[in-house]
Amino acid sequence: MDKPVIIIGAGGHARVLYDCLCLLGVEVLGALDKCYPKGDRTSRIPILGNDSTIHAYATDAVELVNGIGSVGDTSLRAAIYNKFKKLGYSFRTVVHPAATMARDCDLSEGVQVMAGVVVNTGVKISADSIINTGAIVDHDCFIGRHVHIAPGCTISGGVNVGDGAHLGVGATVIQGVDIGRNVLVGAGAVVLKDVLADMKVAGVPAKVI
Ligand SMILES: CC(C)(COP(=O)(O)OP(=O)(O)OC[C@H]1O[C@@H](n2cnc3c(N)ncnc32)[C@H](O)[C@@H]1OP(=O)(O)O)[C@@H](O)C(=O)NCCC(=O)NCCS
């Protein structure tokens with residue numbers, strides 16, 4: 001039996017997740033977000049309170065969904081995931097009904113796969129990573145923890161993406177490339193060779209900026 005869900009955050013990414021959870025028929029109790037007063041509905045998700053409101057819910061009574069997005073730096077999202085895991089809560093894995101998933105893809109806790117995504121055979125996606133709207137992750141890729149593959153990215157076969165990396169909207173990565181931990185790939189970049197950890201690359205072909 002599905003547990004009801006609480007979304008952490010009530011910004012843009014959280015609202016996309018809320019819509020997806022409603023489509024899936026999942027009961028959403030509301031969101032925790034200190035930027036909105038309790039009971040507020042301007043974000044369209046009912047606001048339950050701020051992060052400390054979570055203590056009103058037993059760890060085994062609810063599941064969480066990480067509603068923190070990222071436009072480059074994935075560290076806040078990772079910090080939120082780790083904070084609530086430490087408190088004993090679990091994160092729901094969310095796959096939009098309009099995503100196309102290979103039978104054998106392996107999704108860890110808290111992974112989020114949005115509308116129009118294609119994930120091909122042999123792919124592993126680690127905890128708390130987002131595969132955002134319309135992205136393609138082709139065969140045998142490994143995606144680390146807290147990664148954000150932004151809308152419209154195309155990741156060819158056999159690519160490794162390290163923990164905390166952000167691949168900007170519309171980026172393309174050719175087959176077999178290794179992208180290191182916490183790498184930031186700019187919007188629209190075409191990545192043709194390995195990128196070392198903590199680098200920021202952009203352009204066609206992608207170069208360090
Ligand atoms: C790569 C990125 C993080 C750089 O941001 P920044 O560090 O603030 O860099 P700036 O905007 O100051 O730009 C620095 C230089 O890089 C260039 N540049 C920035 N982003 C670029 C990109 N995506 N492709 C090519 N060049 C880029 C700028 O034109 C600028 O060049 P200049 O010095 O010759 O004028 C950002 O532009 C980007 O692409 N973010 C991804 C956003 C995203 O994926 N959003 C998804 C939300 S769901």
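Here the structure is a predicted model, which is why all the values come from computation and not from measurement. Along the sequence shown, the residues carry numbers beginning at 1.
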Practice task
Look at the side chain of Ser126 and the backbone N and O of Ile143, then say whether any donor-acceptor pair between them is shorter than 3.5 Å.
Solution key: yes
Exercise for the section: Assess the side chains of Ser70 and His148: does a donor N or O sit below 3.5 Å from an acceptor N or O? Expected result: yes
Fill in the blank from the handout: Distance col, row Glu63:CD vs Phe91:CZ, nearest 0.5 angstrom, shows 10.5 Å
Exercise for the section: Evaluate the side-chain proximity of Thr100 to Val119: yes if any heavy-atom separation is below 4.5 Å, no if none is. Expected result: no
Exercise for the section: Taking the side chain as every heavy atom from C-beta outward, state whether Val94 and Val65 have any atom pair closer than 4.5 Å. Expected result: yes
Handout entry: Under 3.5 Å: donor-acceptor pair, side chain of Asp178, backbone of Asp194
Key = no
Handout entry: 4.5 Å side-chain heavy-atom contact, Tyr81 and Arg145
Key = yes
Practice task
Considering non-hydrogen atoms only, spot the tightest contact between Val147 and Gly162 and give its length.
Solution key: CG2-O, 3.2 Å
Problem - Reported CD1-to-CZ distance for the pair Ile130 and Arg77, which is rounded to 0.5 angstrom - result: 3.5 Å
Handout entry: Between CG on residue Asp198 and CG on residue Leu196, distance to nearest 0.5 Å
Key = 9.5 Å
Practice task
Give, for atom CD of Gln175 and atom SG of Cys141, the distance between the pair rounded to the nearest 0.5 Å.
Solution key: 10.5 Å
Exercise for the section: Check Ile174 against Leu192 and note the closest heavy-atom contact, atom names and distance. Expected result: CD1-O, 3.5 Å
Exercise for the section: Identify the heavy atoms of Asn120 and Ala102 that sit nearest to each other, and give their distance. Expected result: C-CB, 3.3 Å
Completion exercise
In short, Ala31 meets Ala10 closest at the heavy-atom pair CB-CB, 4.1 Å
Practice task
Without swapping roles, check the side chain of Thr154 against the backbone of Ala171 for a donor-acceptor pair under 3.5 Å.
Solution key: no
Exercise for the section: Answer yes if the side chains of Gln112 and His13 hold a donor-acceptor pair under 3.5 Å, and no otherwise. Expected result: yes
Exercise for the section: Look at the side chain of Arg181 and the backbone N and O of Ala197, then say whether any donor-acceptor pair between them is shorter than 3.5 Å. Expected result: no
Exercise for the section: Could you grab the distance from atom CD1 of Ile136 to atom CD1 of Ile149, nearest 0.5 Å is fine? Expected result: 12.0 Å
Exercise for the section: State plainly whether one hydrophobic cluster holds both Val185 and Val204, where clusters connect Ile, Leu, Val, Met, Phe, Trp and Tyr through side-chain heavy atoms under 4.5 angstrom apart. Expected result: yes
Practice task
Check the side chains of His146 and Asp128 for a donor-acceptor pair under 3.5 angstrom, ignoring hydrogens and angles.
Solution key: yes
Problem - Same apolar cluster: Ile7 and Leu64, side chain cutoff 4.5 Å - result: no
Exercise for the section: Check step by step if side chain to side chain contact (heavy atoms under 4.5 Å, CB included) holds for Leu167 and Ile155. Expected result: CA-CA 10 Å; Leu167 276 60; Ile155 316 296; 3.3 Å; yes
Practice task
Using a 4.5 Å cut-off on heavy atoms from C-beta on, say whether the side chain of Lys124 contacts that of Asp140.
Solution key: no
Handout entry: Residue pair Leu17 / Met114, side-chain heavy-atom distance below 4.5 Å
Key = yes
Exercise for the section: For residues Ser108 and Thr93, determine if any side-chain heavy atom of one lies less than 4.5 Å from a side-chain heavy atom of the other. Expected result: no
Handout entry: From CA spacing to verdict: side chain to side chain contact (heavy atoms under 4.5 Å, CB included), Leu21, Leu23
Key = CA-CA 5 Å; Leu21 290 162; Leu23 282 172; over 6 Å; no
Exercise for the section: Answer whether the closest heavy-atom distance between the side chains of Ile54 and Leu32 falls below 4.5 Å. Expected result: yes
Problem - Within one Ile-Leu-Val-Met-Phe-Trp-Tyr cluster: Val137 and Val183, side-chain cutoff 4.5 Å - result: yes
Exercise for the section: Output yes when Arg92 and Glu109 qualify as a salt bridge under the 4.0 Å nitrogen-oxygen rule, no when they do not. Expected result: no
Problem - Evaluation steps, side-chain hydrogen bond (donor to acceptor under 3.5 Å, both in side chains), between Ser156 and Asp138 - result: CA-CA 5 Å; Ser156 312; Asp138 220 306; over 6 Å; no
Practice task
Please answer whether the main-chain N or O of Pro46 pairs with a side-chain N or O of Tyr18 as donor and acceptor at a distance below 3.5 Å.
Solution key: no
Practice task
Measure the OG1-CG distance between Thr53 and Leu48 for me, rounded to the nearest 0.5 Å.
Solution key: 7.0 Å
Handout entry: Shared hydrophobic cluster for Val26 and Ile8 (ILVMFWY, side-chain gaps under 4.5 Å)
Key = no
Problem - Joint cluster assignment, Ile209 & Val177, ILVMFWY side-chain distance < 4.5 Å - result: no
Fill in the blank from the handout: Scanning both residues in full, the closest heavy-atom pair of Cys153 with Gly168 reads SG-O, 3.1 Å
Problem - Residue from Ile6, Thr59, Asn66, Asp51 passing side chain to side chain contact (heavy atoms under 4.5 Å, CB included) with Phe84 - result: Asp51
Exercise for the section: Flag the pair Val62 / Lys3 as yes when at least one side-chain heavy-atom distance between them is below 4.5 Å, and no otherwise. Expected result: no
Exercise for the section: Starting from the C-alpha separation in whole Å, work towards a yes-or-no answer on side chain to side chain contact (heavy atoms under 4.5 Å, CB included) for Leu24 and Cys20. Expected result: CA-CA 6 Å; Leu24 291 165; Cys20 176; 4.0 Å; yes
Exercise for the section: Show your reasoning for whether side chain to side chain contact (heavy atoms under 4.5 Å, CB included) applies to His55 and Leu87. Expected result: CA-CA 9 Å; His55 298 295; Leu87 291 171; 4.1 Å; yes
Exercise for the section: Inspect the contact between Asp19 and Arg44 and indicate whether a charged nitrogen and a carboxylate oxygen are less than 4.0 angstrom apart. Expected result: no
Problem - Nearest non-hydrogen partners of Ala206 and Ala189, listed with the distance - result: CB-CB, 4.1 Å
